[in-house]
Amino acid sequence: MTTAELIQGLLRDALARAASELGWPASDATLEVEHPADPAHGDYATSVALKLARPLRKPPLEIATAIRDRVAPHEAVSAVTVAKPGFVNVALNDAWVAAQVEVIARAGTDFGRTKALAGSRIQVEFVSANPTGPVTVANARGGPLGDVIASLLAFHGADVQREYYVEDTGTQVDRFGMSIAVRYRQLFGEEIELPPDGYPSDYIKDIARLLGDRDGDAHLRLPLDEQAKLFVPFGIEWVVGEAKRVTVKLGIAFDVWFMQHTLLTSGYFDETMTKLREKGYLVERDGAVWFDSPDVPRDKARDGEDKEEGWVVVRSNGDPTYLGKDIAYHRLCLEQRGLDRKINVWGANTQYHLLQMKIALPALGIPDDRWRVVLYQYVRFVHEGVLQRMGKRTGQFLLLEDVLDAVGKDATRFFLLQSSADRQLDFDFELALQQSNENPVYYVQYAHARIASIFRTASEKDLSSADADVSLLTDAAELQLVRHCLRFPELVAELRETLGVHALTTYAMELAGLFHGFYKGNRVVGDDAARSKARLRLVEAVQLTLRQVLTLLGVSAPDQM
RNA sequence: GCCCCCGUAGCUCAGUGGAUAGAGCGCAGGCCUCCGAAGCCUGAAGCAGCGGUUCGAGUCCGCUCGGGGGUACCA
């Protein structure tokens, strides 16, 4: 149980007693606790009395007082007070706070960990960039995001699979194959132009060259479209190999690389369509197969023209659409594979697809609460002095690997994780290089390394944190550190619901900042052996907490830097 | 046109409807005979605008302005 949950429980009990003793009518106001901005207001506060004032038709201060008077005594709490205009403030008992140092240090890598999701199998699907080129910084945003979400869910006991969905079929992939074929022909001196919808970048030439190295001119006499078809698996293999290599470099280990074409070759796609058809959700029109249901929006007024109703799942040429395949893929994961939940980390351009899926999956009997999408906004980058959107199709992008090589894994991850997913992110490569040494990740890592250094100093003096008496920790500066460590379990519990993992970076900076301030003003290893031991135990708890956060973020926690 | 996301300090970003809006970079100034100055301390500087809901709004609602995305038999 987190400290916040402890306090919340005490306050809720008090409210329930007040309500029953004073005959208050039931209310749907829930009692939430928060951390007051001003430490003078204590460690926790609730504004429930203010919210109850109207339904109970009583002054907030009277309600607050009634609650305060009924809070059961607890060793963790030193004072419960009422403040204008109707807050109930709770101050933690300093001795109890100090004792938590021991609890934290003993918990070790279990600190903050829960079993809340034990027994549930959850897939986190992320990156899943079109396999038509190398991973760019744009796709890469989903990398750390999905990876940290996966780590967080595992931290709460879930059995987590990290999955990369390789979308190796479809129109874009056809164009990819065509582009390779054109470059292949050029390799042997043929004068042939890349079609306008081809992929223009040089990596296609690299793939063609590798193909030429392997097979020589063996395929030269085939028609272009047959070459295109033939070269796709080779190209995909190259791209997937690159994606594996680069994501590993970014610190991500996918458990499953799911190849989309297996959905089709296994017959699972057709089976899924059959099931939809049986339930009456498919209609044939203009040679294509459409998904339609009463929930599909009917907006006929678009641009003054009538809109076709429904969405195509199989094109008139027989090829499944992305939507059709994704319906089958989700069914595969949630029914066939028996996953309890699927979490998709998708880029902002999938918002309409998301709407379609929200309507299509329930048609198959797959409820909303079994899958969830974390949508992240685009990463733009500065190209020739102008902010631009990245795209493999336009040939304008910044490669993830170039950034990784320039600023390193830790700084890259920390940068991409700092802002919330629904905020657009701009990446200036020059600025990133310039500021790489100023990246806040070093501020956090430095705190961790500094503590390691303290322990090196201590061991030279034969001091350790063993049998420390943490009750000697009574200074406000010391206890402030502990108080902040105690927020870590609260944060990760909250993130279990919100998945707003960027908050971990903010927390890491806060805790590091508190430690740096403490370090400046307080000697850990000093003349007083008992006090030194207690403080060693304290900074051990701080270091441990920092390490927990950094580990979740997938950022290294160095002992020296 | 319609739909979604976002506008917070010069820059990059935090900020669960609460009590005096924070951090890093940059800028001005100060701090190493003492566990690591990749640090600390001080200062200047901000909620795009207008209404509304609320005891209380950066946070919720509406409109305006600005940025991004979507509205395919692309993915």
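Side chains included, hydrogens not; waters and symmetry mates left out as well; all remaining heavy atoms used. Everything numeric in this text was worked out from a predicted model, so none of it was measured. First the proteins, then the strands, lettered A, B, ... as listed; each starts at 1.
Shown here are the salt bridge (charged side-chain N to carboxylate O under 4.0 Å, His left out) partners of E125(A), two or more places apart in sequence or in another chain: K342(A). For Y329(A), the ring-ring contact (aromatic ring centres under 6.0 Å, His included) partners at least two apart in sequence or on another chain are Y165(A), F258(A). Every residue was checked against the ring-ring contact (aromatic ring centres under 6.0 Å, His included) condition with Y442(A), not counting sequence neighbours, and none meets it. Considering only residues two or more places apart in sequence or on other chains, S201(A) meets the side-chain contact (heavy atoms from CB on, under 4.5 Å) condition with Y203(A), F397(A). When the side-chain hydrogen bond (donor to acceptor under 3.5 Å, both in side chains) test is applied to Q377(A), no partner is found at least two apart in sequence or on another chain. By the side-chain hydrogen bond (donor to acceptor under 3.5 Å, both in side chains) test, D475(A) pairs with R531(A), R535(A), sequence neighbours left out.
Within the structure, salt bridge (charged side-chain N to carboxylate O under 4.0 Å, His left out) pairs that include any residue of residues 498-509 of chain A do not occur (at least two apart or interchain).
A heavy atom closer than 4.0 Å to some atom of RNA chain B occurs in H41(A), A45(A), S47(A), L50(A), K51(A), R54(A), these being the qualifying members of residues 39-55 of chain A.
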Notebook entry, point to check: For RNA chain B, what string of dots and brackets results from 5' to 3' when Watson-Crick and G-U pairs need both distances under 3.5 Å, crossing pairs get [ ], and pairs with another strand get |?
Noted result: (((((((..((((....[...)))).(((((.......)))))....(((((..]....))))))))))))....
Strictly under 3.5 Å: I want the nitrogen or oxygen pairs between protein and nucleotides 29-34 of chain B, one per line.
{"unit_1": "C34(B)", "atom_1": "O2'", "unit_2": "R523(A)", "atom_2": "NH1", "d": "2.4"}

Please tabulate the protein-to-nucleotide N/O contacts below 3.5 Å involving nucleotides 10-14 of chain B, giving atom names and distances.
{"unit_1": "A14(B)", "atom_1": "OP1", "unit_2": "S420(A)", "atom_2": "N", "d": "2.2"}
{"unit_1": "A14(B)", "atom_1": "OP2", "unit_2": "R423(A)", "atom_2": "NH1", "d": "3.2"}
{"unit_1": "A14(B)", "atom_1": "O2'", "unit_2": "T506(A)", "atom_2": "OG1", "d": "2.9"}

Which pairs would a plain distance check flag for residues 47-63 of chain A, meaning a side-chain donor or acceptor within less than 3.5 Å of a matching protein atom at least two apart in sequence or in another chain?
{"unit_1": "S47(A)", "atom_1": "OG", "unit_2": "K51(A)", "atom_2": "NZ", "d": "2.8"}

